[in-house]
> 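My questions all concern the structure below.
Lettering of chains follows the sequences in order, A, B, ..., and the numbering in each one begins at 1. Note that the structure is a prediction, hence the values are computed from the model and not measured. FYI, side chains are in, hydrogens and waters are out, and symmetry mates aren't considered; it's all heavy atoms of this structure.
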2 protein chains.
Amino acid sequence: MSDRNEYKSNISQQVSKKIGSDIVNGVYQVGQALPTEAEFSTEFNASRTSVREAIKMLSAKGLVSSKPRRGIRVMPEEAWNIFDTDILTWALKGKPSFRVVTEFFQLRVAVEPEAAGLAAQFGLPEQKAAIWDALGRMRDTEDKSEDAMSADLDFHIGILYATRNRFYIHLKDFIRSALNVTIQHTTPAAASYDEVLATHERVVRAIEAGDTQRARMSMRLLIEDAYSLMKEPDVDIEVTAS
Amino acid sequence: MSDRNEYKSNISQQVSKKIGSDIVNGVYQVGQALPTEAEFSTEFNASRTSVREAIKMLSAKGLVSSKPRRGIRVMPEEAWNIFDTDILTWALKGKPSFRVVTEFFQLRVAVEPEAAGLAAQFGLPEQKAAIWDALGRMRDTEDKSEDAMSADLDFHIGILYATRNRFYIHLKDFIRSALNVTIQHTTPAAASYDEVLATHERVVRAIEAGDTQRARMSMRLLIEDAYSLMKEPDVDIEVTAS
DNA sequence: ATATGTATTATTATATTACTAAATGGAGCA
DNA sequence: TGCTCCATTTAGTAATATAATAATACATAT
């Protein structure tokens with residue numbers, strides 16, 4: 001402490017982010033007592049108050065609980081607010097297991113087809129246009145490029161917005177993480193990009209036409225296709241965090 | 001301050017809960033500047049530090065952001081971590097609009113049928129038994145009673161657990177809120193309870209049999225039935241919070 | 001004159017320190 | 001076994017200093 005030459009803004013957020021990602025990425029075991037407030041304080045050379053604020057933020061996300069004499073403990077995973085924007089982001093730092101990828105797909109296959117159906121029913125013209133636009137940008141970019149990835153994301157998120165249902169819209173962070181995770185597990189050039197584009201186009205066409213049923217079906221196919229391209233868990237070495 | 005005769009544990013959590021529910025229930029408008037730290041401090045007669053911790057918790061949930069000179073502001077709804085356990089609970093205090101009820105159903109109809117399908121595929125015997133048990137308790141209770149409600153909830157949550165997918169499991173808070181909200185909008189005795197029980201039984205049977213397809217279908221019917229019993233938005237007076 | 005850029009200032013959150021109180025787990029003892 | 005006491009660690013308060021920001025006033029240039 002007392003190294004006050006430069007101002008570091010939002011110390012509590014920085015600390016929260018650091019500890020939070022460590023927890024999410026398994027650096028600390030569930031149930032384990034973390035370092036005490038005082039220890040964190042010296043580790044990050046921040047005041048204890050800042051550390052406390054950081055811990056409060058993590059407890060608001062269900063990651064930790066703290067009690068006198070018991071210390072700060074990692075909560076069981078079930079208590080984590082797993083759809084929290086930050087938690088989903090932090091989780092991207094680690095390499096996901098095949099199990100996690102499967103879990104993502106299992107939820108996507110529930111949510112996204114229905115989202116496409118709702119988009120077909122309730123989507124506003126400009127929202128549908130945004131989906132078309134994203135598809136256009138997918139066409140204009142190289143497969144597996146940064147831009148293609150971003151356009152793909154916009155495509156899926158655009159559909160969520162077109163549902164005009166706030167729960168679906170909020171799942172955009174989930175979808176973002178799902179796509180990121182997927183990328184890391186797809187064998188390069190597993191499918192022809194043209195095929196992928198065609199599949200996506202079928203979805204937009206159905207939405208455009210207001211055909212709920214077809215929108216659902218084509219989206220379901222899209223996702224099942226993507227899942228089938230996943231790397232099998234060849235060995236899938238579970239990198240256990242030391 | 002200085003009223004230290006009795007100890008109130010977890011002040012920051014209490015304050016956070018109070019301000020949080022006010023925000024969620026529309027007492028403070030989005031974008032509006034809340035009272036300052038100092039003002040909250042006197043309002044709740046807590047120290048400014050405690051208030052700060054409370055605010056940090058709310059900002060961790062995406063409800064507020066705070067900056068020097070700008071004060072504490074309510075974030076746009078889109079930023080709220082709407083699947084957060086606390087936010088969902090706090091939201092139950094207010095009377096939901098028909099729109100919200102619809103939004104709940106639109107997501108339920110995506111998630112729960114797929115969940116039933118996964119439960120049929122992957123559910124462990126004891127997990128399936130728990131679902132049966134919940135159904136049994138539904139049978140033993142009066143329609144619309146407290147216990148029936150609780151058994152119904154256990155039924156749906158039991159299915160989530162049987163998916164053995166952590167994302168689905170975490171949606172239990174969402175489902176809990178959805179069911180609560182639904183109750184408030186169903187006309188009493190709209191359908192025969194026997195019919196409801198039969199619909200539920202069809203779902204468990206399919207899960208028990210490991211019949212993915214039938215599990216999905218029967219759950220979809222269950223939810224669509226429930227939705228059809230909703231009160232039409234007769235007038236649906238939007239009670240604007242004063 | 002109007003627009004644009006630059007200080008000044010007041011306000012409000014941010015951060016630190018030091019101290020007190022309460023809760024808890026465990027050790028020691030009857 | 002159950003009770004008491006103790007040490008530890010979080011919970012809470014208070015006082016103070018610092019940094020970020022919005023608004024205002026002022027100056028400059030076009």
Side-chain angles (χ1 to χ4, degrees), chain A residues 1-20 22-23 28-29 31-75 79 86, chain B residues 1-20 23 28 31-75 79 86:
Chain A
M1 51 302 209
S2 74
D3 193 39
R4 329 281 256 46
N5 34 6
E6 59 185 321
Y7 184 71
K8 324 146 207 168
S9 80
N10 263 343
I11 292 192
S12 51
Q13 280 193 19
Q14 288 177 261
V15 173
S16 154
K17 178 177 177 177
K18 179 67 176 65
I19 303 178
D22 280 353
I23 292 173
Y28 303 109
Q29 299 305 313
Q32 180 186 352
L34 303 190
T36 64
E37 288 179 356
E39 285 164 340
F40 274 133
S41 171
T42 59
E43 179 180 342
F44 299 113
N45 63 246
S47 70
R48 279 195 45 219
T49 311
S50 294
V51 172
R52 281 184 57 74
E53 286 176 358
I55 297 298
K56 285 287 174 189
M57 294 176 75
L58 296 179
S59 89
K61 294 177 187 300
L63 289 178
V64 303
S65 91
S66 60
K67 280 188 192 162
R69 173 75 221 216
R70 275 190 58 236
I72 305 160
R73 301 201 112 100
V74 180
M75 292 284 280
D86 292 325
Chain B
M1 51 301 207
S2 73
D3 194 36
R4 328 284 257 49
N5 35 6
E6 59 184 320
Y7 184 69
K8 324 147 208 170
S9 76
N10 265 343
I11 292 193
S12 51
Q13 281 193 18
Q14 288 177 261
V15 173
S16 153
K17 177 176 175 176
K18 178 67 176 65
I19 303 178
I23 292 174
Y28 303 110
Q32 180 186 352
L34 303 190
T36 63
E37 287 181 355
E39 286 164 340
F40 274 134
S41 171
T42 59
E43 180 180 343
F44 299 113
N45 61 249
S47 70
R48 280 195 45 215
T49 312
S50 296
V51 172
R52 280 185 58 74
E53 287 176 357
I55 297 298
K56 286 286 174 191
M57 294 177 75
L58 296 179
S59 90
K61 294 177 187 300
L63 289 179
V64 302
S65 91
S66 61
K67 280 188 193 164
R69 171 79 219 217
R70 275 190 58 237
I72 305 159
R73 299 201 114 99
V74 180
M75 292 284 280
D86 293 325

> If only side-chain N and O atoms of A/Ser12 are considered, is one of them under 4.0 Å from the OP1 or OP2 phosphate oxygen of C/dA15?
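For A/Ser12, the contact criterion (side-chain N or O under 4.0 Å from OP1 or OP2 of C/dA15) is met.
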> If I take atom CD in residue A/Glu53 and atom C1' in nucleotide D/dT10, what distance separates them, rounded to the nearest angstrom?
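Going from A/Glu53 (CD) to D/dT10 (C1'), I get 15 Å.
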> Using modelled atom types only, decide if a donor and an acceptor are shared between the side chain of A/Ser66 and the backbone of A/Gly71 within a distance under 3.5 Å.
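No; zero donor-acceptor contacts below 3.5 Å.
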> Hey, does A/Ile19 have a side-chain heavy atom less than 4.5 Å from the side chain of A/Ile55?
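Sidechains of A/Ile19 and A/Ile55: in contact.
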> Compare all side-chain heavy atoms of A/Phe44 with those of A/Ile11 and state whether any distance is below 4.5 angstrom.
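No - every pair of side-chain heavy atoms lies 4.5 Å or more apart.
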> Nearest whole Å is fine: how far is C/dA13 C1' from B/Ile55 CD1?
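Those two atoms, CD1 and C1', are 11 Å apart.
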> Rounded to whole Å, please give me the gap between CG in A/Asn10 and C1' in D/dT18.
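Roughly 14 Å, once rounded to whole Å.
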> Who are the side-chain contact (heavy atoms from CB on, under 4.5 Å) partners of B/Ala33, not counting sequence neighbours?
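B/Arg73.
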> Less than 4.5 Å apart, any side-chain heavy atom of B/Lys17 and any of B/Asp86?
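They are not in side-chain contact.
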> Can you tell me how far C1' of D/dA22 sits from CZ of B/Arg73, to the nearest Å?
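Checked: the CZ to C1' distance equals 10 Å.
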> Whole-Å distance between C/dT16 C1' and A/Phe44 CZ?
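Answer to the nearest Å: 17 Å.
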> Taking the side chain as every heavy atom from C-beta outward, state whether B/Phe40 and B/Ser50 have any atom pair closer than 4.5 Å.
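No. Closest side-chain heavy atoms not under 4.5 Å.
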> Where the side chain of B/Ser47 is concerned, which of C/dA15, C/dT14, D/dA14 is the nearest nucleotide?
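That would be D/dA14.
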> Take atom CZ of B/Arg52 and atom P of C/dT12, then tell me their distance rounded to the nearest Å.
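The answer, rounded to whole Å, is 14 Å.
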> Which atoms of nucleotides 6-9 of chain D (N or O only) lie under 3.5 Å from a protein N or O atom, and what are those distances?
unit_1, atom_1, unit_2, atom_2, d
D/dT9, O2, A/Arg69, N, 3.4

> Just N and O in the side chain of B/Ser66: are any of them under 4.0 Å from OP1 or OP2 of C/dT12?
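False: B/Ser66 side-chain N/O out of range (4.0 Å or more) of C/dT12 OP1/OP2.
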> Going by heavy atoms in the side chains, are A/Gln29 and A/Val74 under 4.5 Å from each other?
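No, too far: nothing below the 4.5 Å cut-off.
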> Can you tell me which nucleotide in D/dT13, D/dG12, C/dT14 comes closest to the side chain of B/Arg48?
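Selected nucleotide (nearest to the side chain): C/dT14.
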> Estimate the overall bend of the helix from C/dA1-D/dT30 to C/dA30-D/dT1 from the end axes over five pairs each, rounded to 10 degrees.
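Rounded value for the end-axis angle: 20°.
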> What's A/Thr49 touching, base or sugar-phosphate or nothing? Going by heavy atoms closer than 4.0 Å.
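Contact class for A/Thr49: base.
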> Can you measure from CD (B/Glu53) to OG (B/Ser47) and round to the nearest 0.5 angstrom?
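OG of B/Ser47 is found 7.5 Å from CD of B/Glu53.
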> Could you tell me whether the side chain of B/Ser12 reaches within less than 4.5 Å of the side chain of B/Lys56, counting heavy atoms only?
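No, their side chains stay 4.5 Å or more apart.
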